[in-house]
Engineer: 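Quick one: this structure, given as structure tokens, is what I'll be asking you about.
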2 protein chains.
Amino acid sequence: MNSKPLPKSVLWQDDKLYLLDQTKLPHVEEIFCCEQIESVHEAICALRVRGAPAIGIAAAYGLVVGLTEHVSLSALRERVDYLVGARPTAVNLAWAVERVYRYAAAWAEKHDDQIPVALLCDEAKLIHSEDAASCRNIGLHGLPLITANSNWLTHCNAGALAVSELGTALAPFYTAADSGVQFHVYVDETRPLLQGARLTSFELGRAGILNTLICDNAAAHVMSLGKVDGVIVGADRIAANGDVANKIGTLGLAILCGYYDIPFYVAAPTSTIDLDTTDGKQILIEERSAHEVTTFGAAQVASLDTKVFNPAFDVTPSHLVKGIITEQGMTTAPFEQNLGLLFDVNSSTTH
Amino acid sequence: MNSKPLPKSVLWQDDKLYLLDQTKLPHVEEIFCCEQIESVHEAICALRVRGAPAIGIAAAYGLVVGLTEHVSLSALRERVDYLVGARPTAVNLAWAVERVYRYAAAWAEKHDDQIPVALLCDEAKLIHSEDAASCRNIGLHGLPLITANSNWLTHCNAGALAVSELGTALAPFYTAADSGVQFHVYVDETRPLLQGARLTSFELGRAGILNTLICDNAAAHVMSLGKVDGVIVGADRIAANGDVANKIGTLGLAILCGYYDIPFYVAAPTSTIDLDTTDGKQILIEERSAHEVTTFGAAQVASLDTKVFNPAFDVTPSHLVKGIITEQGMTTAPFEQNLGLLFDVNSSTTH
């Protein structure tokens, strides 16, 4: 058991932004300081910071990095557009920097065009602390599931490295471990980019949580041995009917859970629920490059001319989902009705 | 489309044994001549020749490699034991060399202790040609499944490289392609050793069969798109009740097929059916080293101290199997009854 604490993926300290270089994990833990916006841009492009919420938080801080005293609204607009360009499809990135920009624009309207950098920095800190609070609440709402000596399985990395503090899918595990519960987690390696092998097993191990790495295709066998009491995964988007888009491989796990009568949970903040998306059929699945599958690191696996289908996500139909754990609590079927309730009650804070 | 013919994994020509170095595929096609038994032993140890039937055939030839004119029964015994030691758990290896030895012993009893090498060589050729005939018949019995424009999915490599000529799971595809049928095959990359990415997509491509490589965990998504009409896999062992032990990941595929109502077929010679094994629960699953999962080639993926569970096989319950294609034909449920019939009718040739 390694007792070293997990380094934070994004840290704002003494008015400086520090990022953990996730491309070097788990072998090297390199934390670097971003002194200029260009290095934040590079870190996002090169996936040194990854995980939708973590990217958003890093970018929000990135807007003020290297600035002193004041910034004009037009200069801030340029910085927003520059950072969004680092990963144009990252929804959280755009959401976070636009939120800071809107805050600045509202301030400028009331005062003058020279916005105090300290105010923008406070808004970035607020985004960060809201995310952390959301993780803590997801952890608390998931905690009752993690009974003594239970065995869990997770896919990809929806943990502290991807989000802030506790992550989403991993938040119930961290909370249970903090409460002294003994349990064990199987970690899918998660091809093609191996986030499970590289990041999840690393961060769970660092927290002293017993975990065992398996190849994705071994999950059915592990379940057949009666060794999985439940599955928790994160989500990239949840449709109004409860269909869940998440890392490729999630759908297969959910079907296996159905076959073995194992509860399948999704943990995600309410902001992941998109009521404008009626069901999973409306979600476009990003296809990524063949290169991710045919090569590994410096090693060429398949022939370069191999035809590859490399979808980044899949969609799990809601009837396979036992519950969706958000910062507001556990939502169960009928999802079409119950997910909407999360917004009726809290529309002012969640939208 | 590459028109180069697929090199044979095992070739006996002009009294010499040639092996294809499968560890270098798909990048380098290196065929080497084994002039002495030591090089056959090394090739088996180092997995230069792999696939249960191919190992058996190579070892049978290996018994006579480097010999001239005659060999004594005791010298042959030493050679048998030496080759079996190269991979003690490989059932086909032991089966093949013991068959040649039994043949030699029977000859010696009738004649004298100096057995003509040419006779042993003929027995090895017989093992080889029986295997090839078995593949051809599996291909013919599977052929009606491969309808025009159908889409298939296979796992691991039960192809020409693993067996002889057409393979087992891939035999229906080769036979259909020879008959001019147009179809397409999704190839699971098959972690951890990537036999699908390295070997199956290579050999299908070489035969001009349209194929697309996917990560194992993408199979559910591909099926959800309606893009898979059927799955064919090989088998390492089939129990009397039709439970099938095969490469890890097979069970998950079979469950997905059940969910999507896609027919799941197993192709294997009758010799794979073990009537002494009543059901899959009796089959011991080999666990392999953590190293296969935590590293890839020269690249370290997970931390070296990561705990890993790496089962080599899983067991698919027979109720998920639509049909078992052997050299004798297609066998369907009730397997407990129908698999036995294969032996009642043909007990002299198959046991």
Side-chain angles (χ1 to χ4, degrees), chain A residues 2 26-27 155 186-192 194 196-198 201-202 205 210-222 224 227 247-256 258-260 285 290 292-294 296-303 305-311 313-315 317, chain B residues 2 26-27 155 186-192 194 196-198 201-202 205 210-222 224 227 247-256 258-260 285 290 292-294 296-303 305-311 313-315 317:
Chain A
N2 201 324
H27 313 300
H155 190 70
Y186 285 98
V187 177
D188 267 3
E189 64 171 0
T190 317
R191 282 285 288 155
L194 298 160
R198 292 189 298 111
S201 69
F202 167 73
L210 291 176
N211 68 94
T212 302
L213 181 65
I214 58 170
C215 290
D216 303 324
N217 66 22
H221 178 64
V222 176
S224 77
K227 288 186 173 175
K247 182 63 60 195
I248 189 75
T250 303
L251 168 61
L253 275 182
I255 293 170
L256 297 181
Y259 180 81
Y260 287 110
I285 302 295
E292 290 182 355
V293 181
T294 56
F296 187 85
Q300 182 75 27
V301 180
S303 294
D305 60 353
T306 307
K307 193 184 158 206
V308 171
F309 178 50
N310 182 21
F313 306 103
D314 56 29
V315 175
Chain B
N2 200 323
H27 314 300
H155 190 69
Y186 284 99
V187 177
D188 267 3
E189 65 172 0
T190 317
R191 282 283 290 155
L194 299 161
R198 293 190 296 110
S201 69
F202 168 72
L210 291 176
N211 68 94
T212 303
L213 181 65
I214 59 170
C215 290
D216 302 324
N217 66 22
H221 178 64
V222 176
S224 78
K227 288 187 174 177
K247 183 64 58 192
I248 189 75
T250 303
L251 168 62
L253 276 183
I255 293 169
L256 297 180
Y259 180 80
Y260 288 110
I285 302 293
E292 290 183 354
V293 180
T294 56
F296 188 85
Q300 183 75 26
V301 180
S303 294
D305 60 354
T306 308
K307 193 185 159 207
V308 171
F309 179 50
N310 182 22
F313 306 102
D314 57 27
V315 174

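Numbered from 1 within each chain, the chains take letters A, B, ... in sequence-line order.
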Engineer: In terms of heavy-atom proximity below 4.5 Å to chain B, should D216(A) be classed as side chain, backbone, both, or neither?
Structural biologist: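 Contact with chain B: side chain only.
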Engineer: Do you know which two heavy atoms are closest between A197(A) and S201(A), and how far apart they sit?
Structural biologist: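 Heavy atoms only, the tightest pair is O-OG, 3.0 Å.
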Engineer: Tell me, for P311(A) versus chain B, whether the close heavy atoms (under 4.5 Å) come from the side chain, the backbone, both or neither.
Structural biologist: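 The side chain, not the backbone.
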Engineer: Are any of the side-chain heavy atoms of V293(A) and R191(A) separated by less than 4.5 Å?
Structural biologist: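 Contact flag for V293(A)/R191(A) side chains = yes.
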Engineer: As an exercise: rank T294(A), N217(A), V315(A) by heavy-atom pairs under 4.5 Å with chain B and give me the winner.
Structural biologist: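 Winner by heavy-atom pair count: N217(A).
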Engineer: Provide the closest heavy-atom pair for L251(B) versus P317(B) in the form atom of the first, atom of the second, distance.
Structural biologist: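 Closest pair (atom of L251(B), atom of P317(B), distance): CD1-CD, 3.6 Å.
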Engineer: Looking only at heavy atoms and a cut-off of under 4.5 Å, which of E292(A), E189(A), R198(A), H155(A) has the most pairs with chain B?
Structural biologist: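 Most heavy-atom pairs under 4.5 Å with chain B: E189(A).
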Engineer: Of all the heavy-atom pairs spanning F313(B) and K247(B), show the shortest one and how long it is.
Structural biologist: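 What the structure gives for the nearest pair is CD2-N, 3.9 Å.
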Engineer: Does a side-chain heavy-atom distance below 4.5 Å link V308(A) with I214(B)?
Structural biologist: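 Counting from C-beta outward, V308(A) and I214(B) never come under 4.5 Å.
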Engineer: Can you check whether P192(A) reaches N310(A) side chain to side chain, under 4.5 Å on heavy atoms?
Structural biologist: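 Side-chain contact under 4.5 Å: yes.
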Engineer: Highest number of heavy-atom pairs under 4.5 Å with chain A: which of L256(B), V301(B), D314(B)?
Structural biologist: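 Heavy-atom pair counts peak at V301(B).
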Engineer: Could you look at T306(A) and say if it's the side chain, the backbone, both or neither that has a heavy atom under 4.5 Å from chain B?
Structural biologist: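 Just its side chain gets close to chain B.
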Engineer: Could you state the interatomic distance from CG (D305(B)) to CZ (F202(A)), rounded to the nearest 0.5 Å?
Structural biologist: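 Taking CG in D305(B) and CZ in F202(A), the distance rounds to 10.0 Å.
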Engineer: In terms of heavy-atom pairs under 4.5 Å, which option from L253(A), V187(A), V222(A), I285(A) contacts chain B the most?
Structural biologist: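 If we count pairs closer than 4.5 Å to chain B, I285(A) comes out on top.
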Engineer: Side chain, backbone, both or neither: which part of T212(B) has a heavy atom under 4.5 Å from chain A?
Structural biologist: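 Both backbone and side chain of T212(B) come within 4.5 Å of chain A.
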Engineer: Tell me, for S303(A) versus chain B, whether the close heavy atoms (under 4.5 Å) come from the side chain, the backbone, both or neither.
Structural biologist: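 Interface part for S303(A): both.
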Engineer: Measuring heavy-atom distances to chain B, does Y260(A) have an atom under 4.5 Å in its side chain, in its backbone, in both, or in neither?
Structural biologist: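 Y260(A) touches chain B through side-chain heavy atoms alone.
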